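Structure first, commentary second.
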Amino acid sequence: MKFGTMSSLQKVLALIAIGASLAALLSPLAMIGETTVSTLSHPIAMTFALAGLATIIRFKLKFSIAFDGIMSVLGIWGIMVILNGIDKASFGFWMLLVAAWAFGWLYIERLSNVTGLNVFLTRLIGLITPVFFGIWILVLWEAITRGANVPFVLLPPPSMVWVKITTSLSILWADFQQTILKAVLSGYVMGCGSAFLAAIAIDRSPFLQRGLLPVGNFVAALPIVGMAPIMVMWFGFDWESKAAVIVIMTFFPMLVNTLTGLTVATNMQQDLMRTYAAGYWQTLFKLRLPVAAPFIFNALKINSTLALIGGIVAEFFGTPTVGMGFRISTEVGRMNIDMVWAEIAMAALAGSTFYGIIALTERAVTFWHPSIRAG
Amino acid sequence: MSKDASPVVSAKKLSLTFETNDGPVHALSEIDLDIAKGEFVSFIGPSGCGKTTFLRVIADLEKPTGGEITVGGVSPEEARLARAYGFVFQAASLYPWRSIEKNIALPLEIMGFSKSEIQERTRRVLELVDLDEFGKKFPWQLSGGMQQRASIARALAFDADLLLMDEPFGALDEIVRDHLNEQLLKLWDRTNKTICFVTHSIPEAVYLSTKIVVMSPRPGRVIDVIESTLPKDRSLDIRESPKFLELAHRVRDGLRAGHSYDE
């Protein structure tokens, strides 16, 4: 490992940490009831601020990288403890937050500049960075909403959302089943599957190419807010109507991408098949579909997001009393914003998992493609 | 006439005209040519002389617009459907999602060979082109010369008697090319196939062929057909011999004659 000297960005971050610590020491920390508490009278705040100020000696001595990480984590812990005992944050609290945040940034910045590591450690650092970043977003969210007393309906702190998630698991699970497992997955499979078959039918028959493609275009242009109520009329209140909306939304991207993918085999690759006297289906399965795979996966990825949006929004237009979209629309009306955020968190988690599975499958299937084999 | 004596490829007054926006292009004009079994025929000429087009007509990848051509006694289409030839393209054109082994198995899968036969044949042709250790590799993990060797193995896998090669070594450097030429001759000697070989390198044509067809462009036609006087067993050193230089000289003269009206 090589530490190297501090870059100018690192120097600026170190100065911010020191300056903010000094500013925190000299200013009021927070309000408890009507009384103002100074940083010097709060043992945890004072210890952290003094430690932060003492890091000024880093311009003479070399600090290990882990030191900045530990300072940042201690800062997070201190901030959470302080938050629990106060009513409203003052200038000193925000300065402590800035100092802890500067230590965190410094830690990541120094980590990413370390050279000469083995593969495992490089991967580990690649993992630490987004995790650390994610934690800090939550910390800032928590500290700002609670420290500044942001009204609950505008933005609840993540801790409250978490409590809501853990206490309403059964409701969330029911919504997840209704929206994701029933509507989204079946709509996605039917939409992508039928578009794929339609693409092959169009490829087979020039007549369909002229007839079906404009229809596909037209369907793609239909607005979801207009289609959803009509689908409810046609297929009833339950998940079937939501799946129908998703089919409409996902059909066109899949159709167009598959059709484009089917045209990318080069003349030479096609001639080769011709010299073997290969039939249409042999050429399709052994040449044209493999080269189309990157396009098809592109559509599958686009559609995974579209299907989730479609499934949730379609529930705004009539649904049984279960489902993520239903829950969001009713809980907003009842000002239960923490429940809305719990549903949003679940949608985000489900969406990224969905997308991640498809992206991983793509890597496995199109391992040969230059864009993937390079990395 | 016995079956062996009849020509593998026989063209009579064969013509092909492409209709383009700038008017008709006479790619082939009244070609008369017989290729006997076991011959190694090179087609040489400047670009646009129709040498590749002629090869593609034999392979039924282009349809002639005049004259007659038979391949193995039948029409090119029947010959193609009977899988009577193997074709090697300018680029290796291996499918990147298949390993070398699987690429070679591709025509065999299409032609419905059994699993065990596919394995056996794949192994044999890989040995033939000296790639036995690279069967599990993917095309993009191999050098250009190795890729082209694999594509030759693929064309050999189903054992067609006729091998059509369209400038297969054109994109390779001189040293690799020499090496592959030498190997190709050995392979031809061992398998006793008929080979049609398109090239624009005079030494390559003279070194490889038993018959050299010199062509000229606009319209694409045959200027000279040279029967090689070189012995069948040749090493690369033969290129320094007077006989070789004499043949090369005649090819060059033919090419010049075909070109003269152009300049």
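All chains are named by letter (A, B, ...) in the order of the sequence lines, taking the proteins before the strands, and each is independently numbered beginning at 1. All values reported here derive from a predicted model rather than from experimental measurement.
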Review point. Any side-chain heavy atom of B:Leu142 within less than 4.5 Å of one from B:Leu94?
Key: no

Practice item. Please say which of A:Ile302, A:Ile358, A:Asn257 ends up in a side chain to side chain contact (heavy atoms under 4.5 Å, CB included) with A:Phe297. Key: A:Ile358

Under 3.5 Å, sequence neighbours excluded: what are the donor-acceptor pairs made by side chains of residues 187-198 of chain A?
| residue | atom | partner | partner atom | Å |
| --- | --- | --- | --- | --- |
| A:Tyr188 | OH | A:Leu300 | O | 2.8 |
| A:Ser194 | OG | A:Met190 | O | 2.7 |
| A:Ser194 | OG | A:Gly191 | O | 3.2 |

Check your understanding: What part of B:Ala155 is in contact with chain A, defined as an atom under 4.5 angstrom from a non-hydrogen atom: side chain, backbone, both or neither?
Key -> neither

Cross-chain donor-acceptor list, chain A and chain B, 3.5 Å limit, no angles:
| residue | atom | partner | partner atom | Å |
| --- | --- | --- | --- | --- |
| A:Gln269 | O | B:Tyr95 | OH | 3.0 |
| A:Asp271 | OD2 | B:Arg56 | NH1 | 2.9 |
| A:Asp271 | OD2 | B:Arg56 | NH2 | 3.0 |
| A:Arg274 | O | B:Arg80 | NH1 | 3.0 |
| A:Arg274 | NH2 | B:Asp60 | O | 2.8 |
| A:Tyr276 | O | B:Arg83 | NE | 2.8 |
| A:Tyr276 | O | B:Arg83 | NH2 | 3.2 |
| A:Tyr276 | OH | B:Arg154 | NE | 3.4 |
| A:Ala277 | O | B:Arg83 | NH2 | 3.2 |
| A:Gln282 | NE2 | B:Ile110 | O | 3.0 |
| A:Lys286 | NZ | B:Glu109 | OE1 | 2.8 |

Review point. Counting heavy atoms not belonging to A:Phe367, are there more than 12 under 6.0 Å from its CZ?
Key: yes

Check your understanding: How are the rings of B:Phe43 and B:Phe54 set relative to one another: parallel (under 30°), tilted (30 to 60°) or perpendicular (over 60°)?
Key -> tilted

Exercise for review: Keeping the roles fixed (side chain from A:Ser112, backbone from A:Glu109), state whether a donor-acceptor pair exists under 3.5 Å.
Suggested key: yes

Practice item. Under 4.5 Å heavy-atom distance to chain B, tell me which part of A:Val291 shows up: side chain, backbone, both or neither. Key: both

Review point. Is any side-chain heavy atom of A:Tyr107 closer than 4.5 Å to a side-chain heavy atom of A:Ile65?
Key: yes

